[in-house]
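Only this structure's heavy atoms are used, side chains among them; waters, hydrogens and symmetry mates stay out.
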Amino acid sequence: MSLRRRLSAAVALTVAAAAGVVMAAGAAAAATRYEAESAPATCDGVIESNHTGFSGSGFCNANNAAGAAAQFTVTAPAAGAATVNIRYANGGTAGRPADVLVNGAVAHAASAFDPTGAWTTWVTKTLTVSLNVGDNTIRLNPTTANGLANLDYLEVDAPTSGKITVWLAGDSTVASNSGSNVVGWGRELGNYLTTDATVVNNAVGGRSVQTWLYESAVTSTKNSAGECVLSSTAYAARWQAMLNASTGMKAGDYLVIQFGINDSSSTCPRHVGTTRYRELLTAMVRAAQQRGAHPVLVTPAAALTCSGSTATPNRGFVTETFDVSTATGTPVIDLHKLSYTLYNSLRFCPFNGDYSSGPVGAFFANDHTHFEAAGARQIAGLVTKAVRDQQLALSAYLR
């Protein structure tokens with residue numbers, strides 16, 4: 001690609017509703033696409049159309065220089081966290097990182113815009129930012145002499161005041177009840193949400209991601225790859241209901257997924273290998289995205305295991321959950337780390353193994369994994385605090 005030509009004046013890009021703003025097909029109702037062609041946003045470079053595959057009538061080819069930025073003006077009907085999809089192409093061999101500034105403040109420092117293989121190969125990078133009600137500026141400021149990747153558009157899913165459903169998929173640590181005194185954090189989640197958000201908790205005790213999706217179709221036999229054989233590829237009723245076009249996940253809803261505890265079993269039907277785990281988690285994420293819903297991944301809550309006076313990490317599939325997050329552009333809440341960090345702050349260790357009394361007995365139900373209502377409420381608090389701290393769009397519905 002030839003060196004980008006410097007211009008003394010910024011070239012305008014279309015972002016106003018009357019000039020190049022379109023509602024994104026298949027996305028949530030609040031998602032608005034800001035094409036990169038004319039005013040009032042700016043491109044420190046040129047508008048070109050010489051590489052196919054772009055949306056609209058062109059793209060921003062900014063100068064090859066640190067600080068040669070592109071800036072968009074976006075409108076939010078309400079204040080809160082928003083999802084921003086940035087479509088770009090980078091046909092070079094090196095990454096083109098950029099600071100993402102919102103209203104003049106850095107929201108994401110040196111955010112990666114990695115090579116895409118060709119200038120005609122366009123990919124979407126997803127970020128979460130906090131917007132004010134009304135107009136906001138989103139500025140991409142390159143941090144190296146390579147400048148920006150070519151920018152096609154920004155697609156912004158801004159916060160709204162509409163009613164949404166938060167769908168939960170997971171195991172007993174999420175489920176409403178899995179025994180007389182066993183309460184999952186999903187039952188307590190609604191206490192942290194406004195009345196505009198309704199929780200539908202479809203988590204079920206004892207399930208891996210595969211048995212949750214396929215239920216009794218998962219046999220006790222392993223195949224040559226070491227995975228449990230399916231007798232049928234028909235989904236369990238719970239997932240079919242969530243996929244229902246009329247009554248299931250809809251645009252603007254949220255799908256919160258937490259597995260990784262039962263999946264670590266060595267025997268079928270619970271056993272899930274790491275590759276299969278990533279495959280199934282990805283399928284669930286993609287299904288939500290196709291419906292305009294927002295998936296959120298959650299690493300498994302830690303059990304209470306002590307090394308002297310320290311609660312220690314103990315769950316698998318944490319790395320694999322982050323892998324799916326990276327591959328799909330889905331936010332992830334590291335509940336595993338947050339939970340054992342909480343146990344340390346509450347001084348649960350050292351522990352004598354008595355779950356019938358004391359602070360540990362009030363938090364856990366009969367074992368080191370399952371929660372009493374009070375413990376579940378604190379775990380739900382960790383999840384919602386992470387939603388707010390990570391500026392996920394769901395934070396618009398927190399109390």
* Asked: So, for Y214 and W239, is the gap between ring centers shorter than 6.0 Å?
  -> no

* **Pairs meeting criterion ring-ring contact (aromatic ring centres under 6.0 Å, His included) with involvement of residues 299-324, two or more places apart** => Y277-F317

* To do: Establish whether I164 and V298 are linked, either directly or via other cluster members, by ILVMFWY side-chain heavy-atom contacts under 4.5 Å.
  => yes

* Polar side-chain atom of W212 near backbone of N202 as donor-acceptor pair, under 3.5 Å -> yes

* Does W185 have R377 sitting over its ring (NZ/CZ under 6.0 Å from centre, angle to axis within 45°)? -> no

* Given side chains that start at C-beta, do those of E227 and H271 come closer than 4.5 Å, heavy atoms only? -> yes

* Can you name the closest pair of heavy atoms from V166 and A197 and give their distance? -> CG2-CB, 4.5 Å

* Structure fact -> For S172 and H370 the tightest heavy-atom approach is OG-NE2, 2.8 Å

* To do: Could you check if a side-chain atom of N136 sits within less than 4.5 angstrom of a side-chain atom of T73, using non-hydrogen atoms only?
  => no

* Asked: Distance from Q240 atom CD to L213 atom CG, nearest 0.5 Å?
  -> 11.0 Å

* **N/O donor-acceptor pair under 3.5 Å between T310 side chain and T312 backbone** => no

* Please round to the nearest 0.5 Å and tell me the distance separating atom CG of L193 and atom OH of Y254. => 10.5 Å

* Asked: So, does D44 use its side chain to make a donor-acceptor pair with the main chain of A69 at under 3.5 Å?
  -> yes

* Are K125 and F113 in a cation-pi contact, defined as NZ or CZ under 6.0 Å from the six-membered ring centre and within 45° of the axis? -> yes

* After noting the C-alpha distance and the side-chain angles of T341 and N344, does the key distance pass the side chain to side chain donor-acceptor pair (under 3.5 Å) rule? -> CA-CA 5 Å; T341 300; N344 280 319; 5.7 Å; no

* Structure fact -> dist I86:CD1 -> D152:CG (nearest 0.5 Å) comes out at 12.0 Å

* Structure fact -> Between G205 and A175, the two heavy atoms sitting closest are N-CB, 4.3 Å

* Asked: Less than 4.5 Å apart, any side-chain heavy atom of N262 and any of T211?
  -> no

* Non-hydrogen side-chain atoms of S55 and E35 separated by less than 4.5 Å -> yes

* Asked: Are the side chain of H336 and the backbone N or O of R315 linked by a donor-acceptor pair below 3.5 Å?
  -> yes

* Going by distance alone, is a donor N or O of one side chain under 3.5 Å from an acceptor N or O of the other, for T326 and D323? -> no

* Asked: Any ion pair linking R207 and D171 (charged N to carboxylate O, less than 4.0 Å)?
  -> no

* Under a 4.5 Å cut-off applied to non-hydrogen side-chain atoms, are L168 and V200 in contact? -> no

* T194 side chain to D196 main-chain N or O, any donor-acceptor pair under 3.5 Å? -> yes

* Asked: Any side-chain donor-acceptor pair under 3.5 Å between T299 and Q258?
  -> no

* Asked: Could you walk me through whether I379 and F363 pass the side-chain contact (heavy atoms from CB on, under 4.5 Å) check?
  -> CA-CA 10 Å; I379 297 295; F363 194 100; 4.0 Å; yes

* To do: State whether the side chain of S325 and the backbone N or O of T330 hold a donor-acceptor pair below 3.5 Å, judged by distance alone.
  => yes

* Asked: Between W167 and D253, do the side chains contain an N or O donor and an N or O acceptor separated by less than 3.5 Å?
  -> yes

* **side-chain contact (heavy atoms from CB on, under 4.5 Å) between T32 and E155, worked out** => CA-CA 5 Å; T32 305; E155 196 170 86; over 6 Å; no

* Any donor-acceptor pair under 3.5 Å from Y343 side chain to A302 backbone -> yes

* **Modelled atom types, side-chain donor and acceptor of T116 and N90, under 3.5 Å** => no

* Interatomic spacing from CG in L154 to CG in N85 - rounded to 0.5 Å -> 8.5 Å

* In terms of hydrophobic clustering (I, L, V, M, F, W, Y; side-chain heavy atoms under 4.5 Å; direct or indirect links), are V129 and L101 co-clustered? -> no

* Measure from the side-chain N and O atoms of T384 to the backbone N and O of Y192, and report whether any donor-acceptor pair falls under 3.5 Å. => no

* Pairwise side-chain contact, T165 with K250, heavy-atom cut-off 4.5 Å (strictly under) -> yes

* Derivation and outcome, side-chain contact (heavy atoms from CB on, under 4.5 Å), residues L280 and R276 -> CA-CA 6 Å; L280 294 176; R276 180 64 170 163; 3.5 Å; yes

* Structure fact -> Heavy-atom nearest pair, A365 first then V182, reads CB-CG2, 4.1 Å

* **Q289 and T328 side chains, donor-acceptor separation under 3.5 Å** => no

* Asked: Using the ring of each side chain (for Trp, its six-membered ring), is F364 parallel, tilted or perpendicular to F371, with breaks at 30° and 60°?
  -> tilted

* Is there a chain of hydrophobic side chains (I, L, V, M, F, W, Y, each step under 4.5 Å between heavy atoms) that links V360 to L346? -> yes

* To do: Report the C-alpha distance between C43 and L148 in whole Å, list the side-chain angles of each, state the deciding distance to 0.1 Å, and finish with yes or no for side-chain contact (heavy atoms from CB on, under 4.5 Å).
  => CA-CA 10 Å; C43 171; L148 291 173; over 6 Å; no

* Asked: Quick one: CD1 on I47 to OG on S57, what's the gap to the nearest 0.5 Å?
  -> 8.5 Å

* Asked: Does the side chain of V324 reach to within under 4.5 Å of the side chain of T321, using non-hydrogen atoms?
  -> no

* Name all residues meeting the side chain to side chain donor-acceptor pair (under 3.5 Å) criterion together with N352; count only those two or more places apart in sequence or in a different chain, and write none if there are none. => none

* To the nearest 0.5 Å, what is the distance between CZ (F59) and OG (S49)? -> 7.0 Å

* To do: Could you tell me whether the side chain of L243 reaches within less than 4.5 Å of the side chain of R291, counting heavy atoms only?
  => yes

* So which heavy atom on S395 is nearest to which on R388, and how close? -> CB-CA, 4.1 Å

* Structure fact -> Closest heavy-atom pair, P269 versus S220, reported as atoms and distance to 0.1 Å, is CD-OG, 4.2 Å

* **Within one Ile-Leu-Val-Met-Phe-Trp-Tyr cluster: M249 and F259, side-chain cutoff 4.5 Å** => yes

* Asked: Can a cation-pi geometry be assigned to R33 and Y153, taking NZ or CZ under 6.0 Å from the six-membered ring centre and within 45° of the ring axis?
  -> yes

* Report yes or no: does N103 contribute a side-chain atom to a donor-acceptor pair with the main-chain N or O of T137 at less than 3.5 Å? => yes

* Yes or no on side chain to side chain donor-acceptor pair (under 3.5 Å) for H368 and N314, after CA distance, side-chain angles and deciding distance? -> CA-CA 11 Å; H368 67 345; N314 45 61; over 6 Å; no

* **Heavy atoms from other residues, nucleotides or ligands near NZ of K385 exceed 12 (cutoff 6.0 Å)** => no

* **Co-membership, hydrophobic cluster, residues V102 and Y88, 4.5 Å side-chain** => yes

* Sub-3.5 Å donor-acceptor pair from the side chain of D114 to the main-chain atoms of G95, do we have one? -> no

